[in-house]
K.L.:
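Got a structure here, written out as structure tokens. Questions coming.
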Amino acid sequence: MAEIALIGIGTGNPDHLTRAAEAAINDAEVILLPRKGPDKADLADLRRLILSRVLTNPAARVVEFDLPRRETRSDYLGAVRDWHDAVAAAWTRAMGNAARVALLVWGDPSLYDSSLRIAGRLSPAARVRVVPGITAVQALTAAHAIPLNRLGGPVTITTARQVRDHGLPAGSTVVMLDDGSALAGIEGDLDIWWGAYLGMPGEILMQGPLDRMRAPILAARAQARARHGWIMDVYLLRPRLRTGPDRGGAHNHS
């Protein structure tokens with residue numbers, strides 16, 4: 001039975017790889033490198049950059065393949081399941097007969113990522129090993145130099161779809177996978193810490209009261225996506241404190 005290692009690579013900064021990740025990359029016979037089309041060529045280029053920095057095993061083969069696109073249809077879960085089947089078939093073809101395979105995964109395979117579910121659909125089945133890395137949540141709080149939670153307070157990590165459908169939970173909330181539509185509709189006396197391309201040369205950070213920062217963040221997001229063809233961003237929301245060390249003022253830099 002083949003083994004596939006799902007290796008967390010954070011937000012794409014080679015410096016964010018763990019030593020365990022480097023070892024797993026160099027232990028692989030085949031390293032899968034998915035391509036998402038010309039509009040997202042930077043994503044494949046970042047994986048190539050990482051490999052150029054850490055891959056020292058001359059016997060390892062990098063196999064590039066085109067990633068199937070997910071259909072947009074009303075049956076969201078059905079479309080996702082069909083897409084996972086198609087991606088698993090693409091992985092299987094790219095893996096060939098290799099016994100040890102590696103795949104570099106943005107963020108962490110265990111946090112709002114489909115890699116583990118796709119790996120479970122491989123046929124023939126493969127053993128799955130996860131090598132965790134820096135998550136987008138860690139990169140966000142580190143970039144802003146803030147704790148994830150308030151003292152003794154809860155933290156919810158959720159998706160934009162859940163926020164749109166069910167509203168914002170209490171306490172500190174990290175929102176992932178937002179195309180901007182959830183942020184545009186969130187109301188309340190809240191502070192926001194937002195970041196895009198975290199840990200990369202083009203990193204963008206903005207923070208402050210949501211009512212004041214919403215429009216600048218959405219504008220910066222749209223401009224960055226148009227410039228790069230893709231964007232990876234995440235944000236943290238908290239009920240606003242009138243005083244205290246984690247109230248935060250509005251600032252941004254890139």
K.L.:
Please round to the nearest 0.5 Å and tell me the distance separating atom CG of Asp179 and atom CZ of Arg221.
P.N.:
6.0 Å
K.L.:
Report the distance from atom CZ of Arg53 to atom CG of Asp15, rounding to the nearest 0.5 Å.
P.N.:
6.5 Å
K.L.:
If hydrophobic clusters are built from ILVMFWY residues whose side chains come within less than 4.5 Å, do Trp106 and Leu116 share one?
P.N.:
no
K.L.:
If hydrophobic clusters are built from ILVMFWY residues whose side chains come within less than 4.5 Å, do Ile231 and Leu46 share one?
P.N.:
yes
K.L.:
Are any of the side-chain nitrogens in Asp189 or Arg240 under 4.0 Å away from the carboxylate oxygens of its partner?
P.N.:
yes
K.L.:
Within this structure, what is the CH2-CG distance for the pair Trp193 and Leu205, rounded to the nearest 0.5 Å?
P.N.:
13.0 Å
K.L.:
Determine whether a donor-acceptor pair (N or O, by modelled atom type, separation under 3.5 Å) exists between the side chain of Asn26 and the backbone of Val54.
P.N.:
yes
K.L.:
Within the structure provided, determine whether Leu103 and Pro109 are in side-chain contact (heavy-atom separation under 4.5 Å).
P.N.:
no
K.L.:
Can you tell me if Arg19 has over 12 outside heavy atoms packed within less than 6.0 Å of its CZ?
P.N.:
no
K.L.:
Please assess Thr11 against Met232 for the test side chain to side chain contact (heavy atoms under 4.5 Å, CB included), listing each intermediate value before the final yes or no.
P.N.:
CA-CA 8 Å; Thr11 55; Met232 289 185 181; 5.8 Å; no
K.L.:
Answer yes if the side chains of Thr135 and Asp108 hold a donor-acceptor pair under 3.5 Å, and no otherwise.
P.N.:
no
K.L.:
Do Val105 and Tyr112 sit in one hydrophobic cluster, given that two such residues count as connected whenever their side-chain heavy atoms are within less than 4.5 Å of each other, even indirectly?
P.N.:
no
K.L.:
With the side chain counted from C-beta on, respond yes when Met95 and Val30 share a heavy-atom pair under 4.5 Å apart, and no when they do not.
P.N.:
no
K.L.:
First locate atom CZ of Arg70, then atom NE2 of His84, and finally report the distance between them rounded to the nearest 0.5 Å.
P.N.:
8.0 Å
K.L.:
Grab the two heavy atoms, one from Arg127 and one from Met1, that are nearest each other, plus how far apart they are.
P.N.:
NH2-O, 3.1 Å
K.L.:
Could you tell me whether the side chain of Leu51 reaches within less than 4.5 Å of the side chain of Leu33, counting heavy atoms only?
P.N.:
yes
K.L.:
On a heavy-atom basis, which atom in Pro68 and which in Ala86 lie closest, and how many Å separate them?
P.N.:
CG-O, 3.7 Å
K.L.:
Are the side chain of Arg214 and the backbone N or O of Pro209 linked by a donor-acceptor pair below 3.5 Å?
P.N.:
no
K.L.:
Verify side chain to side chain contact (heavy atoms under 4.5 Å, CB included) between Leu168 and Leu190, making sure each step is shown before the conclusion.
P.N.:
CA-CA 11 Å; Leu168 201 65; Leu190 302 164; 3.7 Å; yes
K.L.:
Closest approach of Ala102 and Ala24, non-hydrogen atoms and distance?
P.N.:
CB-O, 4.4 Å
K.L.:
Do Arg164 and Asp178 have side chains that get closer than 4.5 Å, going by heavy atoms?
P.N.:
yes
K.L.:
Quick one: does Leu198's side chain get under 4.5 Å of Ile134's, heavy atoms only?
P.N.:
no
K.L.:
Check the pair Gln207 / Ile146 against side chain to side chain contact (heavy atoms under 4.5 Å, CB included), numbers first and verdict last.
P.N.:
CA-CA 11 Å; Gln207 75 170 78; Ile146 57 170; 5.6 Å; no
K.L.:
With salt bridge (charged side-chain N to carboxylate O under 4.0 Å, His left out) as the rule and sequence neighbours excluded, what pairs involving residues 93-106 come up?
P.N.:
Asp27-Arg100, Glu29-Arg100
K.L.:
In Å, rounded to the nearest 0.5 Å, how long is the span from CZ of Arg161 to CG of Leu177?
P.N.:
10.0 Å
K.L.:
Side chain to side chain contact (heavy atoms under 4.5 Å, CB included) between Tyr235 and Ile217: does it pass, once the steps are laid out?
P.N.:
CA-CA 10 Å; Tyr235 54 91; Ile217 288 172; over 6 Å; no
K.L.:
Test of understanding: clusters of I, L, V, M, F, W, Y form through side-chain heavy atoms closer than 4.5 Å, transitively. Do Ile4 and Ile7 belong to the same one?
P.N.:
no
K.L.:
Write down the atom of Met206, the atom of Pro216, and the distance for their closest heavy-atom approach.
P.N.:
CE-CB, 3.5 Å
K.L.:
Partners of Glu64 by side chain to side chain donor-acceptor pair (under 3.5 Å), sequence neighbours excluded?
P.N.:
Arg35, Arg48
K.L.:
State, yes or no, whether a side-chain contact exists between Thr173 and Leu236 at a heavy-atom distance under 4.5 Å.
P.N.:
no
K.L.:
To the nearest 0.5 angstrom, please state how far the CG atom of Asp75 sits from the CZ atom of Arg81.
P.N.:
6.5 Å
K.L.:
Just wondering, do Ser115 and Ile118 contact through their side chains at under 4.5 Å, heavy atoms?
P.N.:
no
K.L.:
Which pair of non-hydrogen atoms, one from Arg238 and one from Asn149, has the smallest distance, and what is that distance?
P.N.:
NH2-N, 3.6 Å
K.L.:
Just grab all the ring pair (Phe, Tyr, Trp, His ring centres under 6.0 Å) pairs involving residues 194-216, residues at least two apart or on different chains.
P.N.:
Tyr197-His228, Tyr197-Trp230
K.L.:
Could you tell me whether the side chain of Pro14 reaches within less than 4.5 Å of the side chain of Leu49, counting heavy atoms only?
P.N.:
yes
K.L.:
So, for Gly12 and Ile50, which heavy atoms are closest and what is the spacing to 0.1 Å?
P.N.:
O-CD1, 3.8 Å
K.L.:
Are Leu17 and Val101 connected, step by step, through hydrophobic side chains (Ile, Leu, Val, Met, Phe, Trp, Tyr) whose heavy atoms are closer than 4.5 Å?
P.N.:
no
